[in-house]
Amino acid sequence: MAWAALQIFLHITLFLIILQIGHAIERGSRVQGATAPGDIIIGGIFSIHEDVDKENKSFAPHLQPCIGFTDRRLVTALAMINAIEVMNKSPLLADVNVTLGYQILDSCSDVSTALRATADFTQKPNCHTESNTSTCGQPVIAVIGASYSEISIAIARQLTLKMIPQISYSSTAVILSDKSRFPAFMRTIPNDEHQTAAMVSLLSTYGWNWVGIVTTDGNYGQSALDHFVSHASEKGICVAFKSILPQSVSSQDVSSAITQTAKTIYKNPKAKVIVSFAKPTHMKYLYKELNNQALRTGQSMSMRRVWVASDSWSSSSSVMANFSLKDIGHVVGFTFKSGDLSSFNEYLNRLKAAEHDDKGNNPFMQELLMQQSPNEGSGDTELLSNAVNTLRENIHADQVFSVEMAVSAIAHAVASVCKGRDCKTPGTVQPWEVLKALRTQEFKVRDKSYKFDNRGDLNLGYDVTMWKPNGTKVDVHDVVAEYHPHDNTFTHTNHSSTLLHDLKHIISKCSTSCSPGEFKKTPEGQHTCCYDCINCTENYYSNSTDMDQCLSCDADTEWSPKGSSSCTPKDLVFFSWQDGFAVVLLTFSALGILLTLLVSALFLHQRDTPVVRAAGGPLSQTILFSLVISYISAMLFVGQPNSFQCKARQVLFGLSFTLCVSCILVKTLQILLAFQFDPELQELLRRLYQPYVIISICVALQAATCISWLVLKSPFNHIIRHPTTLLRDCHEGSYLAFGVMLAYIAVLAFVCFICAFKGRKLPQKYNEAKFITFSMLLYLISWLLFVPVYVTTSGVYLPAVEMVVILISNYGILSCHFFPKCYVILFKKEQNTKSAFRKNLYEYSCKSRDSVSVCESSVSAQHFSGQHIITGASSVFVPAANPLEPAVETNCRDKTSCTSLHSGSSTRHCLRRSTSI
């Protein structure tokens with residue numbers, strides 16, 4: 001029995017030892033936390049310590065000690081405590097007779113530690129004597145936290161198993177907005193997708209397209225990096241380098257990663273802007289390393305940059321512990337929206353006055369007091385005052401406001417669920433019921449309503465802050481702008497002038513901007529932001545800086561030289577009325593019309609004189625009329641062409657000049673009929689000679705040509721596009737018809753020339769054959785020259801070419817046909833008489849081809865006074881009563897003795913032709 005009793009004693013002792021060891025292990029694995037009783041318990045997970053000590057290599061499950069106490073995160077935990085106390089005093093919870101308690105645990109910025117804390121929330125741990133019995137066994141109905149996205153992602157998976165709602169105040173990873181994966185997760189801030197978009201918008205505003213990125217490893221850093229690069233590429237912003245730091249600040253790789261990042265920054269001097277998603281401690285280490293490298297190289301200004309800070313460190317003054325803004329440059333940060341801090345400041349005042357003792361159930365406050373350099377003799381009051389002052393220096397209004405919103409949202413959800421039921425009994429309220437109320441109902445904070453969106457986020461936008469020196473410290477609360485994510489815009493505050501003035505001259509580009517008139521050409525294999533500037537080619541332009549390609553001018557109406565920043569409208573050109581050459585030609589045209597009208601008036605006044613009758617009488621008026629129309633047609637070649645002008649100018653010239661040449665042809669044929677044919681043939685041709693019929697037929701053929709031209713392929717106005725001008729011109733429609741019209745006139749002129757050439761030796765004073773010959777020859781030569789010139793010439797002065805030829809033709813006829821007669825009429829009136837005319841004929845009649853016959857004076861006298869004229873074998877043109885009829889011709893059969901003066905002294909018979917004058 002004694003042996004049996006001994007064995008029983010040993011077994012009991014061993015069991016107690018094992019049980020005690022188990023309790024010790026369990027206590028060692030439990031996370032340190034602050035608690036307070038209540039009907040509904042809210043859990044809180046805060047990263048009050050920066051890391052855990054990983055030196056312990058034990059394989060047994062154990063809790064790694066936390067290191068790196070942070071005052072900033074303790075402030076957020078106290079903000080949760082204050083918010084819960086405020087809500088417990090509010091009518092919202094008083095109406096449903098419910099109070100809120102809390103259980104706040106420290107994740108120590110470590111995922112494993114955070115999972116242990118989450119296990120305390122979900123597994124209803126047993127109560128031990130050292131534990132606060134008031135919260136033992138009560139389920140956690142909701143969780144506030146965690147700080148970092150990596151931790152929130154880990155605990156969200158665990159909380160989702162029981163659908164315990166989780167509200168984070170600073171985790172911004174975009175993945176947490178995926179409700180299919182994290183249905184119980186919510187947050188009182190926008191996700192990183194909005195923050196990265198805001199950062200890119202800021203960079204784009206200042207034209208910074210060559211930037212570096214510093215981020216941390218893990219879900220948060222990688223997510224922020226991916227979204228930033230995605231937004232940046234859309235705005236044409238390039239990433240010069242990416243430096244990824246270890247997630248843990250106590251990792252052995254941190255030092256080498258920081259050193260390498262500092263070297264990378266120095267190697268990219270053109271990247272004047274660096275975007276950082278790192279932790280505050282990382283940035284403190286980085287600035288220290290940059291300063292050390294600057295001291296080693298003697299380039300103190302080389303570390304100056306524009307640092308675009310994410311919400312993770314944008315409001316952390318601890319980063320600048322040993323440096324000033326003069327050393328590092330400018331810091332532009334993005335922070336979440338903040339609210340009124342009066343309630344939290346009152347809480348700190350009560351804490352400082354020892355009215356609120358959180359030290360008993362809040363080990364974090366005890367640790368803070370221990371860090372206040374507890375000198376011997378220092379009292380608790382002094383230590384507490386120093387601790388509260390430290391807390392005030394680390395207040396971040398945005399995080400305090402986010403925590404208050406999370407507590408308020410949970411309180412409103414609990415009040416909604418507990419309305420009409422008793423919630424004091426543990427287990428009465430289920431977490432999923434609170435989650436449903438959170439996702440569907442609004443809540444209020446200081447009389448302003450809020451509601452989570454369908455992704456569980458509250459997107460209130462961002463405040464843009466700019467760090468500025470304040471003595472030896474840095475004031476990080478200078479809000480210079482507000483970012484509105486709904487329309488991606490900034491609203492500047494009263495301090496925005498500082499931001500604009502300090503940053504607008506900073507250039508962060510791989511290549512200098514290409515000026516207007518140039519485009520960017522990126523060498524193969526380089527970043528699109530590293531490029532050469534190439535001038536735009538002709539007829540291309542770029543109208544802004546850094547254009548990827550030149551734009552094409554409208555070739556129909558615009559042009560541009562090489563390297564142009566805009567297109568120049570093509571000048572509309574034509575043979576203008578203001579052109580000097582046009583003025584000269586128009587002057588000659590007007591002078592021609594005036595001279596023609598004067599000649600017409602003179603001929604009409606002297607219509608019964610021998611000179612006018614010899615010139616054709618009424619036929620001369622027709623010629624003069626056609627010349628007036630021809631001069632008018634020449635004027636139509638000046639000015640901006642229109643459809644009517646293009647059709648009229650060629651037709652008017654063709655018909656008018658055809659009429660003119662036809663009349664001249666009739667006069668030429670009349671000369672030939674009078675002098676160049678034998679009597680028998682002359683009589684036959686005289687009967688066939690019908691002047692009006694000949695003129696009508698000639699003009700009718702030309703009219704038929706012009707009508708066919710107008711009907712089938714009429715001339716029209718069009719625009720000829722030259723490189724820098726638009727030439728308004730007339731297109732002839734059918735160049736064949738145009739050529740036929742001119743060729744027809746040329747044929748008539750050539751016939752006139754041949755016929756007139758045969759009669760060139762007629763009486764000098766009244767002989768038109770020589771003048772007709774000269775005028776037709778001038779016409780033919782000028783138009784023969786016109787054809788090659790017209791074919792080879794283009795541009796504004798092409799109409800002038802034809803105009804010149806028309807004027808030459810008109811003046812040739814006017815000068816040769818009419819000016820000599822006007823001279824006789826005006827200045828040689830004695831020759832414009834019948835007696836003078838008869839004398840001239842008589843002198844010509846006594847001439848022959850080989851000799852000159854001189855009539856006896858008696859006979860001459862007799863015949864000068866009579867009705868007959870004695871002529872030689874050659875005929876003499878004598879003006880008839882009707883100039884359009886051939887002269888009366890009779891054979892002179894009466895023989896009259898004439899003295900023949902020639903070498904052979906031979907006697908010739910003279911034919912007598914009776915002519916009526």
_Evaluate M635 against L586 for side-chain contact (heavy atoms from CB on, under 4.5 Å), listing each step before the verdict._
CA-CA 6 Å; M635 291 183 173; L586 288 171; 3.9 Å; yes

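- Atom CD of residue Q640 and atom CG of residue N642 lie 8.0 Å apart, to the nearest 0.5 angstrom.
- Disulfide criterion (SG-SG under 2.5 Å) for C730 and C646: met.
- Residues that satisfy the disulfide bond (SG atoms under 2.5 Å apart) test with C536, not counting sequence neighbours, are C550.
- Looking at S633, its side chain does come within 3.5 Å of a backbone N or O of S630 through a donor-acceptor pair.
- The two residues K667 and I623 come nearest to each other via the heavy atoms CD-CD1, 4.1 Å.
- Heavy-atom minimum distance, L624 versus T596: O-CG2, 3.2 Å.
- Minimum interatomic distance between P799 and G795 (heavy atoms only, all atoms of both residues): CD-O, 4.2 Å.
- Counting heavy atoms from C-beta on, the side chains of V699 and I695 come closer than 4.5 Å.
- Under the 4.5 Å side-chain criterion, counting only non-hydrogen atoms from C-beta, V805 is not in contact with L785.
- Side-chain contact check for C660 versus I813: some heavy-atom pair is nearer than 4.5 Å.
- Closest of all the heavy-atom pairs between K570 and A555 is NZ-O, 2.7 Å.
- Remark: Y744 OH to L748 CG distance equals 4.5 Å, nearest 0.5 Å.
- A donor-acceptor contact under 3.5 angstrom links the side chains of Y797 and D579, judged on distance only.
- Of the possible polar contacts, none joining the Q702 side chain to the L655 backbone as a donor-acceptor pair under 3.5 Å is found.
- Taken as a pair, C514 and C533 meet the criterion of an SG-SG distance shorter than 2.5 angstrom.
- The aromatic rings of Y811 and Y631 stand perpendicular to each other, their planes meeting at an angle above 60°, with 30° marking the opposite boundary.
- The aromatic rings of F738 and Y790 are tilted relative to each other, their planes meeting at an angle between 30° and 60°.
- Residues T528 and C238 have side chains in contact (heavy-atom distance under 4.5 Å, counting atoms from C-beta outward).
- Ring-plane geometry between Y823 and F827 is classed as tilted, the angle between the planes lying from 30 to 60 degrees on a 0 to 90 degree scale.
- When ring centroids are compared, W783 and F653 come within the 6.0 Å threshold.
- Listed here is the closest heavy atom pair of I237 and C529: C-SG, 4.1 Å.
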*asked:* Using the rule given for side-chain contact (heavy atoms from CB on, under 4.5 Å), can you reason through W208 versus I506, listing the C-alpha separation, both sets of side-chain angles and the distance that settles it, and then say yes or no?
replied: CA-CA 8 Å; W208 299 326; I506 294 173; 4.0 Å; yes

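- At distances below 3.5 Å, not a single donor-acceptor pair connects side-chain atoms of K272 with backbone N or O atoms of I507.
- Note: L598 CG to I593 CD1 = 12.0 Å, rounded to the nearest 0.5 Å.
- The ring of F603 has its center closer than 6.0 angstrom to the ring center of F818.
- Side chain of T725 to backbone of D571: no donor-acceptor contact under 3.5 angstrom is found.
- Aromatic ring centres of Y779 and F750: separated by at least 6.0 Å.
- A donor-acceptor pair is defined here as one N or O able to donate and one able to accept, closer than 3.5 Å; no such pair exists between the side chain of S576 and the backbone of G639.
- No donor-acceptor pair under 3.5 Å is formed between the side chain of T705 and the backbone N or O of M741.
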_Verdict with reasoning, W210 to C530, per side-chain contact (heavy atoms from CB on, under 4.5 Å)_ = CA-CA 9 Å; W210 189 242; C530 301; 3.7 Å; yes

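- Q549 CD: 12 or fewer foreign heavy atoms inside a 6.0 Å radius.
- Here the side chain of S589 pairs a donor or acceptor atom with the backbone of L585 at under 3.5 angstrom.
- Side chains of Q621 and S600: a donor on one and an acceptor on the other come within 3.5 Å.
- For F574, the CZ atom counts as densely surrounded, since its 6.0 Å shell holds more than 12 non-hydrogen atoms of other residues, nucleotides or ligands.
- Side chains of M803 and F575 form a contact here, defined as non-hydrogen atoms less than 4.5 Å apart.
- In this structure the side chain of N717 never reaches within 4.5 angstrom of the side chain of Q645, judged on heavy atoms.
- Under a 3.5 Å cut-off, the side chain of E518 and the backbone N or O of G563 do not form any donor-acceptor pair.
- Residues S552 and Y540 form a side-chain contact, since some pair of their non-hydrogen atoms from C-beta on lies under 4.5 Å apart.
- In this structure, the side chains of V804 and F581 come closer than 4.5 Å at one or more pairs of heavy atoms.
- Between the side chain of Q606 and the backbone N or O of L602 there is no donor-acceptor pair closer than 3.5 Å.
- Listed for the S626 side chain is no donor-acceptor partner under 3.5 Å among the backbone atoms of F657.
- From C822, atom SG reaches atom NE2 of H817 across 13.0 Å, with rounding to the nearest 0.5 Å.
- The number of heavy-atom neighbours closer than 6.0 Å to NE2 of H605, taken from other residues, nucleotides and ligands shown, is 12 or below.
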*Run the numbers on S734 and W709 for side-chain contact (heavy atoms from CB on, under 4.5 Å), then give the verdict.*
CA-CA 7 Å; S734 172; W709 185 9; 4.1 Å; yes

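- Put simply, CD1 on I534 and NZ on K520 are 13.0 Å apart, with the number rounded to the nearest 0.5 Å.
- Of the inter-residue distances, the one linking L551 atom CG with N543 atom CG reads 6.0 Å to the nearest 0.5 angstrom.
- Scanning all heavy atoms of the two residues, the minimum distance from F519 to D548 falls at CD1-O, 3.8 Å.
- The environment of CD in E732 is crowded: more than 12 heavy-atom neighbours from other residues, nucleotides or ligands sit within 6.0 Å.
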